[in-house]
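Nothing fancy with the numbering, it's 1 onward along the sequence.
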Amino acid sequence: MVHQAKKVLVIDDNEDVLKTIKNFLEQKYYNVVAVTNGLDALKLFESEKSEFDLLITDLVMPSISGVAIISIVKERYPKVPIIAITGWGEHPEALATEAKADVVLEKPFELDEFNRIIQELLA
């Protein structure tokens with residue numbers, strides 16, 4: 001039986017972080033779409049008709065914040081789990097929790113722990 005790869009959307013304005021996460025997840029056999037801009041991510045969500053199984057977003061980004069993205073996605077697609085990642089101390093974490101992110105991870109995080117959390121959310 002062939003399993004369909006889970007589709008993950010990753011948003012981070014830092015291209016190095018984005019590349020690292022994308023490469024890591026692809027090694028774990030996820031189908032990864034990576035974008036540096038939250039507005040592009042929202043357009044993808046709309047055009048893909050919410051075929052994403054998981055959203056991973058940075059919290060602090062230009063043009064639209066991760067918090068705003070989380071709020072919009074949770075409102076439109078409540079079943080999609082969301083991991084918020086941040087390099088900004090405690091304040092954005094509170095916002096992410098308020099915006100209903102399922103998990104908030106502080107950068108830098110351990111990739112093994114990251115993978116375990118993803119597997120739990122997608123189980």
Side-chain angles (χ1 to χ4, degrees):
M1 187 168 119
V2 177
H3 288 294
Q4 181 67 35
K6 296 286 188 181
K7 194 167 181 185
V8 181
L9 178 60
V10 183
I11 317 162
D12 199 309
D13 58 323
N14 179 323
E15 292 198 18
D16 292 336
V17 171
L18 198 62
K19 212 175 289 176
T20 300
I21 292 173
K22 184 177 183 349
N23 291 341
F24 175 75
L25 292 176
E26 285 176 343
Q27 287 170 0
K28 302 290 180 194
Y29 304 104
Y30 293 105
N31 176 357
V32 183
V33 177
V35 294
T36 56
N37 173 310
L39 295 173
D40 291 345
L42 289 174
K43 284 181 202 148
L44 276 171
F45 244 99
E46 294 302 315
S47 68
E48 299 282 332
K49 298 290 178 263
S50 188
E51 284 179 23
F52 291 103
D53 298 296
L54 175 68
L55 171 63
I56 300 167
T57 183
D58 188 16
L59 286 180
V60 181
M61 297 180 291
S63 76
I64 183 169
S65 73
V67 174
I69 292 164
I70 293 165
S71 297
I72 292 166
V73 170
K74 275 296 181 187
E75 190 176 297
R76 294 182 188 164
Y77 310 100
K79 288 185 169 70
V80 175
I82 299 176
I83 298 175
I85 54 177
T86 180
W88 290 87
E90 291 163 34
H91 187 61
E93 284 184 23
L95 289 172
T97 307
E98 198 177 299
K100 311 235 184 325
D102 295 275
V103 177
V104 180
L105 288 177
E106 217 168 308
K107 296 177 196 172
F109 47 82
E110 292 292 321
L111 289 174
D112 289 341
E113 171 76 356
F114 182 55
N115 188 47
R116 186 186 60 73
I117 290 167
I118 290 169
Q119 288 177 337
E120 281 177 14
L121 287 173
L122 293 176

If you round to the nearest 0.5 Å, how far is CD1 of I82 from OG of S71?
-> 8.5 Å
Side-chain donor-acceptor pairs of residues 25-37 under 3.5 Å, sequence neighbours excluded:
residue	atom	partner	partner atom	Å
E26	OE2	K22	NZ	2.4
N37	OD1	L39	N	2.6
N37	OD1	D40	N	3.0

So CD1 of I69 and CG of L42: to nearest 0.5 Å the spacing works out to 5.5 Å
Residue pair P81 / D53: nearest heavy atoms and the distance that separates them = CD-O, 3.1 Å
Does a side-chain heavy-atom distance below 4.5 Å link I11 with I56?
-> no
Do L55 and F45 touch side chain to side chain, with heavy atoms closer than 4.5 Å?
-> yes
d(L121 CG, I117 CD1) to nearest 0.5 Å is 7.5 Å
What pairs of residues pass the salt bridge (charged side-chain N to carboxylate O under 4.0 Å, His left out) test when at least one of them lies in residues 75-84, not counting sequence neighbours?
-> E46-R76
Would you check if the side chain of K74 reaches a backbone N or O of V80 as a donor-acceptor pair within less than 3.5 Å?
-> yes
Within a radius of less than 6.0 Å around NZ of K107, do more than 12 heavy atoms belonging to other residues, nucleotides or ligands occur?
-> yes
Out of curiosity, F24 CZ to D112 CG, how far, rounded to the nearest 0.5 Å?
-> 6.0 Å
Apply side-chain contact (heavy atoms from CB on, under 4.5 Å) to the pair I72 and I64, showing each step before the final yes or no.
-> CA-CA 11 Å; I72 292 166; I64 183 169; 4.2 Å; yes
I would like to know whether F109 and I85 meet side-chain contact (heavy atoms from CB on, under 4.5 Å); could you show each step before the answer?
-> CA-CA 9 Å; F109 47 82; I85 54 177; 3.5 Å; yes
Qualifying salt bridge (charged side-chain N to carboxylate O under 4.0 Å, His left out) pairs with a residue from residues 114-123, counting only residues at least two apart or across chains | E113-R116, R116-E120
Heavy atoms, side chains only, cut-off 4.5 Å: are L54 and V10 in contact?
-> no
What distance separates E51 CD from L44 CG, expressed to the nearest 0.5 Å?
-> 11.5 Å
Passing candidate, side chain to side chain contact (heavy atoms under 4.5 Å, CB included) with I83, options I70, I118, T57, D102 | I118
CG (L18) and CG (N14) are apart, to the nearest 0.5 Å, by 8.0 Å
Is it true that a side-chain atom of S65 and a backbone atom of M61 form a donor plus acceptor pair closer than 3.5 Å?
-> no
